[in-house]
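The structure under discussion appears below in the form of structure tokens.
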Amino acid sequence: MEDLLVKNRLWAAGMTAKDPMFFKRLAEQQSPKILWIGCSDSRVPASEIIGLMPGEVFVHRNIANMVIHTDLNCLSVIQYAVQILEVEDIIICGHYGCGGIKSALESQSHGLIDNWLGHVKDIYRFHENTIKRLNSDQEKQARMCELNVIEQVHNVCRTTIIQYAWQAKKKLSVHGWIYDVKDGLIQDLDVTIERVEQLPAHHQIKL
Ligand code: CO
């Protein structure tokens with residue numbers, strides 16, 4: 001642990017050497033324009049992989065980058081980001097090789113987390129016919145990682161927070177990305193939603 005504190009001192013000194021006003025500016029306020037919702041996986045550090053500095057991205061991470069309708073933690077992050085910080089872009093970023101997705105496709109228990117991963121098993125159930133047609137476990141897991149991102153993009157858009165924002169004519173786009181831990185590259189899954197009309201009718205809340 002001591003090593004980490006030493007590293008912190010070196011990092012802070014380095015930042016100040018490059019930009020003497022850096023911490024002073026950040027201490028006054030944060031005004032990120034992006035909300036990142038990603039996996040807790042240690043190989044997917046949000047700001048680092050998109051080359052952003054402290055202060056530039058608001059972050060929520062959990063296992064398998066999920067947005068669950070009743071998760072007050074995630075909903076509070078989204079509400080604060082949209083209504084107070086007024087972010088214009090929300091990125092759901094999944095990643096290939098996600099342990100959460102992999103274990104949700106198996107029957108081995110991992111304890112309490114099995115309940116959380118039940119949401120991924122639901123996604124498998126929705127797309128079982130497509131997934132079953134894929135040849136290898138690797139392909140199945142990779143497709144599930146992508147389908148999970150797409151599902152979470154929809155889940156964000158279905159929240160009252162996003163629907164209120166669109167109703168108020170706020171500019172707000174929700175993107176689905178996937179990161180590959182093998183090469184460090186992100187792909188845009190091209191499933192961006194920026195208008196309520198892009199959702200199925202029963203997901204368009206009449207406010
Ligand atoms: Co993961």
Side-chain angles (χ1 to χ4, degrees), residues 1-68 71-98 100 149 152-153 155-157 159-195:
M1 287 298 111
E2 280 303 316
D3 280 2
L4 297 182
L5 296 176
V6 170
K7 281 184 183 173
N8 164 257
R9 296 297 183 274
L10 289 170
W11 172 79
M15 295 298 280
T16 307
K18 271 188 273 179
D19 178 356
M21 298 302 284
F22 182 73
F23 290 110
K24 188 175 185 314
R25 256 196 335 271
L26 273 188
E28 281 161 17
Q29 68 163 48
Q30 64 163 344
S31 53
K33 285 286 157 254
I34 299 166
L35 165 61
W36 172 281
I37 300 175
C39 184
S40 298
D41 193 304
S42 61
R43 298 166 296 179
V44 198
S47 46
E48 204 167 332
I49 61 174
I50 46 175
L52 293 182
M53 298 289 282
E56 293 183 313
V57 58
F58 200 60
V59 175
H60 179 75
R61 290 169 71 181
N62 61 38
I63 290 174
N65 42 272
M66 280 192 282
V67 177
I68 305 305
D71 177 2
L72 272 184
N73 181 353
C74 183
L75 292 176
S76 301
V77 170
I78 296 174
Q79 186 253 321
Y80 189 80
V82 171
Q83 293 181 356
I84 311 297
L85 296 173
E86 300 191 300
V87 302
E88 293 184 354
D89 293 283
I90 299 177
I91 299 163
I92 299 280
C93 189
H95 68 103
Y96 294 121
C98 183
V149 169
Q152 306 317 320
V153 166
N155 284 349
V156 171
C157 296
T159 62
T160 50
I161 304 154
I162 305 304
Q163 303 241 340
Y164 282 134
W166 281 331
Q167 180 95 348
K169 306 281 179 233
K170 278 193 185 176
K171 189 176 175 295
L172 186 60
S173 303
V174 184
H175 313 268
W177 287 4
I178 193 145
Y179 175 81
D180 197 334
V181 290
K182 289 196 189 125
D183 58 17
L185 298 176
I186 295 171
Q187 304 296 330
D188 185 346
L189 289 173
D190 213 10
V191 291
T192 301
I193 298 181
E194 50 200 359
R195 298 185 312 278

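Every heavy atom of this structure was used, including side-chain atoms; hydrogens, water molecules and symmetry mates were not. Numbers here simply count residues along the sequence, with the first being 1. The shown structure was predicted, so the numbers you read here are calculated from the model rather than taken from an experiment.
- In this structure, the side-chain hydrogen bond (donor to acceptor under 3.5 Å, both in side chains) partners of Arg43, at least two apart in sequence or on a different chain, are Asp41.
- Gln152 places no side-chain N or O within 3.5 Å of a backbone atom of Met66 that could act as its donor or acceptor partner.
- Closest approach of Gly100 to Ile63, counting heavy atoms only: CA-CG2, 4.2 Å.
- The structure places OG1 of Thr160 at 7.5 Å from CG of Leu75, a figure rounded to the nearest 0.5 Å.
- In this structure Asn73 satisfies the side chain to side chain contact (heavy atoms under 4.5 Å, CB included) test together with His60, Asp71, Val77, sequence neighbours excluded.
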For residues 78-94, which side-chain donor-acceptor pairs fall under 3.5 Å, sequence neighbours excluded?
{"unit_1": "Gln79", "atom_1": "NE2", "unit_2": "Gln83", "atom_2": "OE1", "d": "2.8"}
{"unit_1": "Asp89", "atom_1": "OD1", "unit_2": "His175", "atom_2": "NE2", "d": "2.6"}

Contacts table for residues 44-59: side-chain donor-acceptor under 3.5 angstrom, sequence neighbours left out:
{"unit_1": "Glu56", "atom_1": "OE1", "unit_2": "Met53", "atom_2": "N", "d": "2.5"}

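- Residues Lys18 and Thr16 form no side-chain contact, since every pair of their non-hydrogen atoms from C-beta on lies 4.5 Å or further apart.
- The NZ atom of Lys7 sits 9.5 Å away from atom CG of Leu10, with the distance rounded to the nearest 0.5 Å.
- Checked against the 6.0 Å centroid criterion, the rings of Phe22 and Trp11 do not qualify as a close aromatic pair.
- Distance OG1/Thr159 to CD/Gln163: 7.0 Å, rounded to 0.5 Å.
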Donor-acceptor contacts, no H, no angles, side chain residues 164-174, under 3.5 Å, sequence neighbours left out:
{"unit_1": "Trp166", "atom_1": "NE1", "unit_2": "Leu172", "atom_2": "O", "d": "3.0"}
{"unit_1": "Trp166", "atom_1": "NE1", "unit_2": "Glu194", "atom_2": "O", "d": "3.2"}
{"unit_1": "Ser173", "atom_1": "OG", "unit_2": "Glu194", "atom_2": "OE1", "d": "3.3"}

For residues 176-189, which side-chain donor-acceptor pairs fall under 3.5 Å, sequence neighbours excluded?
{"unit_1": "Asp180", "atom_1": "OD1", "unit_2": "Lys182", "atom_2": "N", "d": "2.9"}
{"unit_1": "Asp183", "atom_1": "OD1", "unit_2": "Leu185", "atom_2": "N", "d": "2.9"}
{"unit_1": "Asp188", "atom_1": "OD1", "unit_2": "Asp190", "atom_2": "N", "d": "2.8"}

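- From Cys157, atom SG reaches atom CD1 of Ile193 across 4.0 Å, with rounding to the nearest 0.5 Å.
- Closest non-hydrogen pair, Cys98 versus Cys39, comes out as SG-SG, 4.0 Å.
- For the atom pair CG (Asn62) and SG (Cys74), the distance works out to 6.5 Å, reported to the nearest 0.5 Å.
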